Amino acid sequence: MAERSEGPRAEAERLREQIDRHNQLYYVFDQPEISDAEYDALMRRLEALERAHPELRTPDSPTQRVGAAPSEKFGVVVHRRPMLSLANAMDAAEMAEFDARIKRFLKSDEEIEYVGEVKLDGLAVELVYEDGRLVVGSTRGDGVNGEDVTANIRTIRSIPLRLIKPARRAMPKLLEVRGEVIFPRRAFERLNAERVRAGEAPFANPRNAAAGSLRQLDPKITAARPLDIFVHSPGAMEGIEFASQWDFLQGVKTLGLRVNPLSRRCAGGGAVLDYWNELSERRHELDYEADGIVAKVDSFALQERLGEVSRSPRWAVAYKFKAQQAETRVRAIEVQVGRIGSLTPVAKLEPVALAGVTISNASLHNLDEIRRKDIRERDAVLIERAGDVIPYVVRVTKKGHPRADEFTMPRKCPECGGAIVHEEGEVAYFCVNANCPARMRESIRHFASKLALDIDGLGDKIVAQLVERGLVRELDDIYRLTAEQVAGLERMAAKSAANLIAAIERSRHTTLDRVINGLGIRHVGEHTARQLALRLRTLEALMRASEEELLAVRDIGGEVARSIREYFAEPRNRRAVERLAAMLEIAPVAEPAAGRAALRDKTFVLTGALETMTREAAEQRILAAGGRVTASVSRKTDFVVAGAEPGSKLRKAAELGVRTLDEAQFLKLIEGEA
Ligand code: IVH
């Protein structure tokens with residue numbers, strides 16, 4: 001609220017400062033001091049003030065993160081200082097050679113001070129701050145000319161729109177920093193799962209997801225993606241100086257920029273190798289992709305003397321981690337038909353062990369990718385798993401003999417024989433037969449999945465039979481199934497038939513977000529479904545909603561709104577939804593604030609595998625109860641839920657005295673018995 005004798009201008013400025021500070025505490029330092037609700041209240045107050053006094057609205061106001069309208073294309077930004085790339089060291093011997101070369105060059109017998117940093121696998125960007133205000137954000141481009149992605153950069157919460165003024169010093173006149181925009185791994189898995197459910201092609205890896213998100217023409221889409229940043233190098237500067245890389249990292253951190261906490265000063269080449277070894281072990285604990293380390297000579301004076309060769313600095317080197325790779329053979333390339341009819345080529349592999357699991361499939365993503373890598377049946381291929389991501393084919397290691405023909409997309413749907421449509425210039429191929437059994441199977445599977453109608457026991461084999469026998473042609477047919485029909489399926493005992501019918505019955509009482517998610521509208525996954533349900537309250541309202549109304553829903557951009565309109569413009573879909581609605585008892589979605597008091601605004605961190613539910617389901621339960629889930633443990637964490645084989649988070653919880661719950665305790669709490 002306004003403080004006494006404070007005019008609107010002063011109040012707006014005070015609110016902006018408070019919000020900036022809490023934003024930084026939350027996103028940059030991971031140490032929030034107020035609850036989300038308190039934060040929201042500050043934001044709402046500022047929004048109201050700015051609405052009442054539009055002249056008080058400043059471009060760097062926290063209300064203006066998603067301000068810009070979608071653009072046609074990105075402008076060009078010329079980097080004042082070129083953005084260089086890094087030379088690679090392939091092994092420890094090359095690392096030793098790097099260190100020796102530097103000593104030779106500097107004619108030094110003493111150990112060189114290095115800074116060891118994580119090499120982040122994201123997208124390089126440059127941020128330009130003038131008088132402490134973010135004025136430009138750009139991609140690296142070719143190192144000299146980048147793309148102007150300022151509107152998108154501004155939506156990243158861990159990037160301050162204004163720097164914190166240094167104590168006893170002026171705000172730097174110019175500060176350019178370079179960093180890596182990353183897509184956190186867990187959020188990536190969630191996004192991909194959602195994309196697959198929404199019938200879209202998944203991103204191949206978090207790096208592509210980061211690049212794809214940052215290069216959206218509509219900043220609203222970028223804003224809905226949980227991008228993050230670590231700043232790692234300086235660009236041009238005026239009115240501020242640093243003596244070394246380490247100084248730089250510490251200095252920009254006090255200005256409110258996020259730097260990677262794992263960076264370390266290393267006294268000599270040996271210490272850098274230790275750093276590499278340690279991080280090689282720990283890389284899987286990180287919530288982002290790291291593909292190696294970077295060693296940088298610490299002193300800027302020495303960096304200057306060392307200079308650069310062929311667009312790489314002589315004072316830095318990247319030393320990649322060993323990839324988790326294996327070689328195997330492609331048995332066949334098959335095409336899978338997704339829910340909305342999209343065709344995805346999949347490599348069927350000779351099973352091979354990789355990082356503790358047996359791999360027999362690898363997604364080939366799309367035809368372009370297959371062509372680029374020229375992958376054919378019978379070829380020997382190198383496959384790789386980056387973190388927890390589904391394996392992919394890196395390259396062909398040995399051509400098959402005799403060489404198979406180049407793979408082509410089928411002209412007819414492999415499932416129904418229907419026509420395949422491919423739009424010029426698009427990568428995707430679609431089966432457009434709405435009655436295609438493959439599409440129906442995928443629709444049912446999606447409809448029955450955990451975060452949709454959650455019908456237990458409706459597994460792949462059963463779904464396939466239900467569709468094949470014509471027992472389910474539309475989603476509402478599921479609710480007309482009888483125990484006799486189900487018991488008549490292959491490998492179905494009377495008991496399991498009864499269980500399935502009971503599960504179907506239970507699912508009739510459901511919530512609007514689950515139904516919307518279950519419909520499987522393109523681009524509408526669980527998160528979007530929830531936002532729609534919160535805002536529109538009923539299925540009828542969703543069916544009637546205009547594009548503008550849809551665009552007013554949080555996190556919904558043009559593409560999603562259009563897709564929803566297209567879906568309901570189809571009479572067949574409208575009829576199907578109406579029939580389905582008649583079968584269900586749909587409750588509106590409760591606002592998070594209406595959650596159980598014990599969990600409202602409580603922060604949870606999950607670690608290790610739970611037995612009774614997936615991580616996603618656990619998160620869903622917490623969110624539904626008004627709590628929230630964060631990736632790392634801090635003083636502000638209320639509970640750490642530890643499943644099997646918990647990671648370092650449990651240790652951290654113990655250190656900070658955060659309460660930990662085992663699975664049973666967590667279930668009790670969430671079910672309201674604690
Ligand atoms: S320093 C001249 N530090 O790797 C110094 N780069 O091949 C170059 N990268 O384009 C940047 N993590 O996007 C630096 N800790 C780190 C990095 C890092 C990832 C990327 C960066 C650059 C590429 C160089």
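Since the structure is predicted, the reported quantities are computational estimates derived from the model, not experimental observations. Indexing begins at 1, ligand by ligand and atom by atom, following the structure's order.
Ligand-side atoms of ligand 1 in range of P313: 2 (C), range being under 4.0 angstrom from any heavy atom. The contact set between ligand 1 and R140, taken as ligand atoms under 4.0 Å from a residue heavy atom, comprises 10 (O). Every atom of ligand 1 is numbered from 1 in the order shown, and the set under 4.0 Å from a heavy atom of L84 is 2 (C), 8 (C).
Under a 4.0 angstrom heavy-atom cut-off, L123 registers as lying outside contact with ligand 1. Under the 4.0 angstrom criterion for non-hydrogen atoms, A316 is not in contact with ligand 1. Contact annotation: K296 has at least one heavy atom less than 4.0 Å from an atom of ligand 1.
A salt bridge links E289 with R185: the distance from a Lys NZ or Arg NE/NH1/NH2 to an Asp or Glu carboxylate oxygen falls below 4.0 Å.
Not a single N or O atom of W315, backbone or side chain, sits closer than 3.5 Å to an N or O atom of ligand 1. Looking at S233 next to ligand 1, no N or O pair under 3.5 Å apart turns up. Polar contact with ligand 1: absent for A124 (N/O pair, distance under 3.5 Å).
For R169, the side chain to side chain donor-acceptor pair (under 3.5 Å) criterion is met by no residue, not counting sequence neighbours.
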Determine whether S263 and E117 satisfy the following criterion, side-chain hydrogen bond (donor to acceptor under 3.5 Å, both in side chains), listing intermediate values before the conclusion.
CA-CA 4 Å; S263 301; E117 293 177 15; 4.8 Å; no

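Contacts between L86 and ligand 1 below 4.0 angstrom, taking non-hydrogen atoms only, involve backbone and side chain alike. If you look at K119 next to ligand 1, the close heavy atoms, those under 4.0 Å, come from the backbone and the side chain alike. Residue N260 does not touch ligand 1, judged by heavy-atom distances below 4.0 Å.
Within a 6.0 Å radius of NZ in K165, more than 12 heavy atoms belonging to other residues, nucleotides or ligands are found. More than 12 heavy atoms of other residues, nucleotides or ligands shown are found within 6.0 angstrom of NZ on K103.
The option from L262, L120, I293 that lies nearest to atom 12 (N) of ligand 1, judged by heavy atoms, is L120.
For atom 22 (C) of ligand 1, the nearest protein heavy atom lies 4.0 Å or farther away.
Residues H22 and I34 meet the side-chain proximity criterion, which asks for heavy atoms closer than 4.5 Å. Y27 is not listed as a side-chain neighbour of R258, based on a closest heavy-atom distance of 4.5 Å or more.
Using modelled atom types and a 3.5 Å distance limit, the side chains of Q216 and T222 yield no donor-acceptor pair.
Closest approach of G235 to R178, counting heavy atoms only: CA-NE, 3.6 Å.
A side chain to side chain contact (heavy atoms under 4.5 Å, CB included) with L349 is found for one member of I383, T358, N361 and no other, namely I383.
Given atom 18 (C) of ligand 1, the protein heavy atom at minimum distance is H232 NE2, 3.4 Å. Among protein heavy atoms, the minimum distance from atom 9 (N) of ligand 1 is reached at E180 OE1, 3.6 Å. Of the protein's non-hydrogen atoms, the one nearest atom 15 (N) of ligand 1 is E117 OE1, 2.8 Å.
The ring of Y288 has its center closer than 6.0 angstrom to the ring center of F230.
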